[in-house]
Amino acid sequence: MKKLLPFFAAFILLFTLITDVHARFSGGHSSHSSSSHSSSRSSSRSSSWSSHSSGGSSSSHSSSSSSVGDIIGAIVFLLLIIFIIYILYLVNKNKSQIIIGQNRAGRFDESQLITFKQQDADFSRILFLDFVHLLYVKYYRFYGKKDFDYLTPYLDDSAKHDKMLDLLIGNQVIIIDEIVINSVRLYSINSTADEDSIGVDIESNFTIHPAFHTQESGKKHTRYARSERWFLQRKKGLLSLPPEKMQALSCPACGAAAHFTDAGECASCRTFIVKGQQQWYVKDRFLLNQSVVDTGDLVAYAEEQGTTLPTLSSPTLLPEITAFETQRAVVWSNYWNTFKQQIVQNYFIELNAAWTNRSLNKVRHLISDRLYEANTFWMELYKQQGWSNRLDDLTITDIQLVKVELDTYYETITVRVFASCFDYTEDTNHKIIGGSNKKRRAYTEYWTFARRAGVEKTEPTFNINACPQCGAAADKMGQSAICEYCGSKISTGEFSWVLFLITQDENYQG
């Protein structure tokens, strides 16, 4: 049956092309337009059937034979087209850059990661995803610019171009900015005799606007939401690079900041970097979905999705806890109670309060650079609109353990937080334009905390309002999260737990 699926897919594709040439790409139909199209197609079929039925009894034998011949010829022609499409499908099924429509394949198979770590003991999930996050942002920030050559060692030729993006850009000189990644997660890990491959799913949004103001363009900008799947490859048998080389795009040979020619030559050491020989590079990119983001959606309070779904705990959670106990020489029950109170609860309350007060300065040391960038963007967007999103009377109702992961460089703990509050948005006149200050809103989120392996500072001695390195007040961290008192970079997990990821419950897959 599976072998026949491409044949049926080809038939459906052909039928769609014939009957509905107005369908928008990436499954972007609204429910209204979808039902409208469906209705008109049904009416056409009904009218056509009635016409043939009423006229059939008065047809002559000659015209009937001619009609039968025409029908047979049409069927043969249709089957020939389907066969051609099917052959093209077989040839190109692994080469297409664009996938139309959303494609969620379900939960990542953790056994793939366990197997992969047997050959690369230095692999760190949190570090790899941080690298992908960095590369993704640089890809779109440099797209269409000379700086794009800097990414040459990290991109296969087939991954350098984005067909949908080029279609949107046309002949304009554009700027892509305000790039925010909502989630990035492992999709698959595979190995061949020569290469390792890791697939990741990325949910993001960014703004496109003309670089130059013209009367025609009006400096109009549009924000897009995207779902993508990237496949990264490298030579089989390599060990993962340490954090200082994974958290910055640099020359794998000399370590200098990425500055390459379009041929992949490093401007500092003149070494030609061969893709995949020392570091991961993007082999393929697939667009799963794309849609336009309306700023008005920010205050359109839709119902929470996924709150009632069961918690997706790691299938190997008990062995993970045992490994943590052994490495840290702790009793998990005691450690977990302290971690919930000192880290999860305190971070959750403080970070949400900072959001309500529209100031992340006092909590900069508690979150990763990527998370800070994303939240800063949304905060600034609210300010531009004159809006204030308030989360009043925030209450945590439950904290559930989801995953404990250890690797050479990091320890990570993922939890699911159940909370409720009065969630509403006000304008400059304190008029509520979204949400409610009368009805509580219940929600859940998956939070992933990380810190470098070997950190000695224990949770009970950690002061959330102080630099974890020198103990000075955490009031002078700045956007870079470097303590002005001791000069330490705090947001990397070097000295204490840092919140690396927040994933909405409907998007979390493990």
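Quick caveat, the model's predicted, so the values are computed rather than measured. When a residue number appears, it is its place in the shown sequence, counting from 1.
Between Phe500 and Tyr410, the ring-plane angle classifies as perpendicular under the 30° and 60° cut-offs. Note on ring orientation: taking the six-membered ring where Trp is involved, the planes of Phe348 and Trp447 are tilted (angle from 30° to 60°). Using cut-offs of 30° and 60° for the angle between ring planes, the Tyr508 and Tyr446 rings count as parallel.
The main-chain N or O of Asn205 is found under 3.5 Å from a side-chain atom of Arg223 such that the two form a donor-acceptor pair. No side-chain donor-acceptor contact under 3.5 Å links Thr115 to the backbone of Gln112. Checking side-chain atoms of Thr356 against main-chain N and O of Asn352 turns up a donor-acceptor pair under 3.5 Å. Proximity of a side-chain donor or acceptor of Arg125 to a complementary backbone N or O of Leu129 within less than 3.5 Å is not detected. Remark: side-chain polar atoms of Thr412 are not paired, donor with acceptor, to backbone N or O of Leu406 under 3.5 angstrom. Listed for the Asn357 side chain is a donor-acceptor partner under 3.5 Å among the backbone atoms of Ala353. Judged by distance alone, the side chain of Lys383 and the main-chain N or O of Met379 form no donor-acceptor pair under 3.5 Å. With hydrogens and angles ignored, the 3.5 Å screen pairs no side-chain donor or acceptor of Glu506 with any backbone N or O of Gly306.
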Could you walk me through whether Leu318 and Thr316 satisfy the side chain to side chain contact (heavy atoms under 4.5 Å, CB included) test, starting with their C-alpha distance in whole Å, then the side-chain angles of each, then the deciding distance to 0.1 Å, before giving a yes or no?
CA-CA 6 Å; Leu318 291 180; Thr316 58; over 6 Å; no
Working note: Ile399 + Phe339, criterion side chain to side chain contact (heavy atoms under 4.5 Å, CB included); need CA distance, chi angles, decisive distance, verdict.
CA-CA 11 Å; Ile399 299 172; Phe339 183 83; over 6 Å; no
Evaluate the side chain to side chain contact (heavy atoms under 4.5 Å, CB included) criterion for residues His133 and Phe128: first the C-alpha distance (whole Å), next the side-chain angles of each, then the deciding distance (0.1 Å), finally the verdict.
CA-CA 9 Å; His133 190 299; Phe128 177 80; over 6 Å; no
Would you please test Tyr187 and Phe108 for ring pair (Phe, Tyr, Trp, His ring centres under 6.0 Å) and show each step?
CA-CA 5 Å; Tyr187 168 72; Phe108 170 68; 8.5 Å; no
Decide yes or no on ring pair (Phe, Tyr, Trp, His ring centres under 6.0 Å) for Phe286 and Trp230, but give the supporting numbers first.
CA-CA 6 Å; Phe286 296 93; Trp230 285 24; over 10 Å; no
Could you walk me through whether Lys403 and Glu110 pass the salt bridge (charged side-chain N to carboxylate O under 4.0 Å, His left out) test, one step at a time?
CA-CA 11 Å; Lys403 179 193 293 289; Glu110 292 290 331; 3.3 Å; yes
Stepwise side chain to side chain contact (heavy atoms under 4.5 Å, CB included) check, Val282 with Phe231
CA-CA 6 Å; Val282 182; Phe231 288 94; over 6 Å; no
Arg107 and Gln509: side-chain hydrogen bond (donor to acceptor under 3.5 Å, both in side chains), yes or no, with the steps?
CA-CA 5 Å; Arg107 197 171 181 183; Gln509 296 179 7; over 6 Å; no
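A side-chain donor from one of Ser204 and Tyr136 sits under 3.5 Å from a side-chain acceptor of the other. Defined by atom type and a distance below 3.5 Å, a donor-acceptor pair is present between the side-chain atoms of Glu203 and Ser227. A donor-acceptor contact closer than 3.5 angstrom is absent between the side chains of Thr192 and Asp194. Ser183 and Arg185 share a side-chain donor-acceptor pair at under 3.5 Å. A side-chain donor-acceptor contact under 3.5 Å links Asp398 and Gln400. Asn289 and Glu228 share no side-chain donor-acceptor pair at under 3.5 Å. In the model, Thr207 has no side-chain atom that pairs as donor or acceptor with a side-chain atom of Asp177 under 3.5 Å. Between Asn190 and Asp196, the side chains place no donor N or O within less than 3.5 Å of an acceptor N or O (distance only, hydrogens not considered). Donor-acceptor pairing under 3.5 Å is lacking for the side chains of Gln504 and Tyr443.
Considering only heavy atoms from C-beta on, Phe142 stays 4.5 Å or farther from Ile176 through its side chain. With contacts defined as side-chain heavy-atom distances shorter than 4.5 Å, the pair Arg226/Ser291 does not qualify. The shortest side-chain heavy-atom distance between Arg451 and Ile343 does not fall under the 4.5 Å cut-off. Using a 4.5 Å cut-off on side-chain heavy atoms (C-beta onward), Val292 and Thr222 make contact. In this structure the side chain of Leu499 reaches within 4.5 angstrom of the side chain of Leu371, judged on heavy atoms. Looking only at side-chain heavy atoms (C-beta outward), Gln279 and Leu241 come within less than 4.5 Å of each other. Counting heavy atoms from C-beta outward, Leu135 and Leu249 have side chains that approach closer than 4.5 Å. Between Thr152 and Tyr281 the shortest side-chain heavy-atom distance does not fall below 4.5 Å.
Remark: Arg364 qualifies as a cation-pi partner of Tyr372 under the 6.0 Å distance and 45° angle criteria applied to the six-membered ring. Cation-pi geometry between Arg390 and Phe422 is not met at under 6.0 angstrom from the ring centre and within 45 degrees of the axis.
Ion pairing of Arg416 with Glu445 is absent here, as no side-chain N (NZ or NE/NH1/NH2) approaches a carboxylate O to less than 4.0 Å. Salt bridge Lys117/Asp120: absent, no basic N to carboxylate O contact under 4.0 Å. By the 4.0 Å N-to-carboxylate-O rule, Asp393 lies close enough to Arg440 to be salt-bridged with it. Checked for salt-bridge contact, Arg452 and Glu494 meet the test: a charged N lies under 4.0 Å from a carboxylate O.
Of all non-hydrogen atoms in Phe377 and Glu178, the two that sit nearest each other are CE1-CB, 3.2 Å. What you find for Thr307 and Ala442 is that their closest heavy atoms are OG1-O, 4.2 Å. For the residue pair Lys245 and Ser250, the shortest heavy atom distance occurs at O-OG, 4.4 Å. Between Val363 and Ala354 the shortest heavy-atom distance is CG2-CB, 3.7 Å. The minimum heavy-atom distance linking Asp407 with Phe123 is given by the pair CB-O, 3.6 Å. Between Ala419 and Thr397, the shortest heavy-atom distance links the atoms N-OG1, 4.0 Å.
A distance below 6.0 Å separates the ring centres of Tyr140 and Phe206. The aromatic ring centroids of Tyr143 and Phe148 lie less than 6.0 Å from each other.
Within 6.0 Å of the NZ atom in Lys236, the count of heavy atoms belonging to other residues, nucleotides or ligands exceeds 12. Other residues, nucleotides and ligands place no more than 12 heavy atoms under 6.0 Å from the NZ atom of Lys235.
Interatomic distance, CG of Leu134 versus NZ of Lys138, reported as 6.0 Å (0.5 Å rounding).
A salt bridge (charged side-chain N to carboxylate O under 4.0 Å, His left out) with Lys160 is found for exactly one of Asp157, Asp162, Asp156, namely Asp157. Paired with Tyr424 under the rule side chain to side chain donor-acceptor pair (under 3.5 Å), one option of Asn437, Asp392, Asn389 passes, and it is Asp392.
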